[in-house]
K.L.:
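Structure provided below as structure tokens; questions to follow.
We count residues from 1, following the sequence as given.
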Amino acid sequence: IGFLGVSAYRANGTLLAFHYSWIDFNLKGDLPWRDNISLTEKGPLNLYLVICYDPSSICDSSANAKWDTLSGPIAVTIN
């Protein structure tokens, strides 16, 4: 799996940031991990947990990469 991470979108639907939690990993057993995302833009945002199943080089460079949204939106407001 290429990427597992969080996409942060502005209220108007434009992408603000992508936070990489895991890069090029196998889903075998437990994946213990403590993580965080730092966002400096104020206002309402929607967060999504997303995964790319292709190798990271394809996830980064191809419009044909296989992405799925695992959860979200999680609405947050940065003050």
K.L.:
Got a sec, which hydrophobics cluster with I58, joining ILVMFWY side chains under 4.5 Å apart, including via others?
P.N.:
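None; I58 is a cluster of one.
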
K.L.:
Step by step, work out the side-chain contact (heavy atoms from CB on, under 4.5 Å) result for L45 and I78.
P.N.:
CA-CA 8 Å; L45 300 172; I78 308 297; 3.8 Å; yes

K.L.:
Main chain of S56, side chain of D24: is a donor-acceptor contact present, judged purely on distance under 3.5 Å?
P.N.:
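Such a contact is found between D24 side chain and S56 backbone.
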
K.L.:
Distance from L47 atom CG to I74 atom CD1, nearest 0.5 Å?
P.N.:
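Between L47 CG and I74 CD1, I get 6.0 Å after rounding to 0.5 Å.
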
K.L.:
Locate the shortest heavy-atom distance separating A65 from C52; write the atom from each residue and the value.
P.N.:
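Between these two residues, the closest heavy atoms are CB-SG, 3.9 Å.
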
K.L.:
Verify side-chain contact (heavy atoms from CB on, under 4.5 Å) between L39 and H19, making sure each step is shown before the conclusion.
P.N.:
CA-CA 10 Å; L39 301 166; H19 172 76; over 6 Å; no

K.L.:
How would you list all residue pairs meeting side-chain hydrogen bond (donor to acceptor under 3.5 Å, both in side chains) that involve residues 68-79, not counting sequence neighbours?
P.N.:
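Those involving residues 68-79 are Y53-D68, K66-D68.
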
K.L.:
Side-chain polar contacts of residues 1-16 - donor-acceptor pairs under 3.5 angstrom, sequence neighbours left out - could you list them?
P.N.:
| residue | atom | partner | partner atom | Å |
| --- | --- | --- | --- | --- |
| R10 | NE | E41 | OE1 | 3.3 |
| R10 | NE | E41 | OE2 | 2.9 |
| R10 | NH1 | T14 | OG1 | 3.1 |
| R10 | NH1 | L15 | O | 3.2 |
| R10 | NH2 | E41 | OE1 | 3.2 |
| N12 | OD1 | T14 | N | 3.0 |
| N12 | OD1 | T14 | OG1 | 2.8 |

K.L.:
From F18 CZ over to I37 CD1, what is the distance, rounded to the nearest 0.5 angstrom?
P.N.:
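One gets 9.0 Å once the value is rounded to the nearest 0.5 Å.
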
K.L.:
Closest approach of N64 and D54, non-hydrogen atoms and distance?
P.N.:
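So the two residues come closest at O-OD2, 4.3 Å.
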
K.L.:
I need the W22 CH2 to D35 CG distance, nearest 0.5 Å.
P.N.:
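W22 atom CH2 to D35 atom CG measures 9.0 Å (nearest 0.5 Å).
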
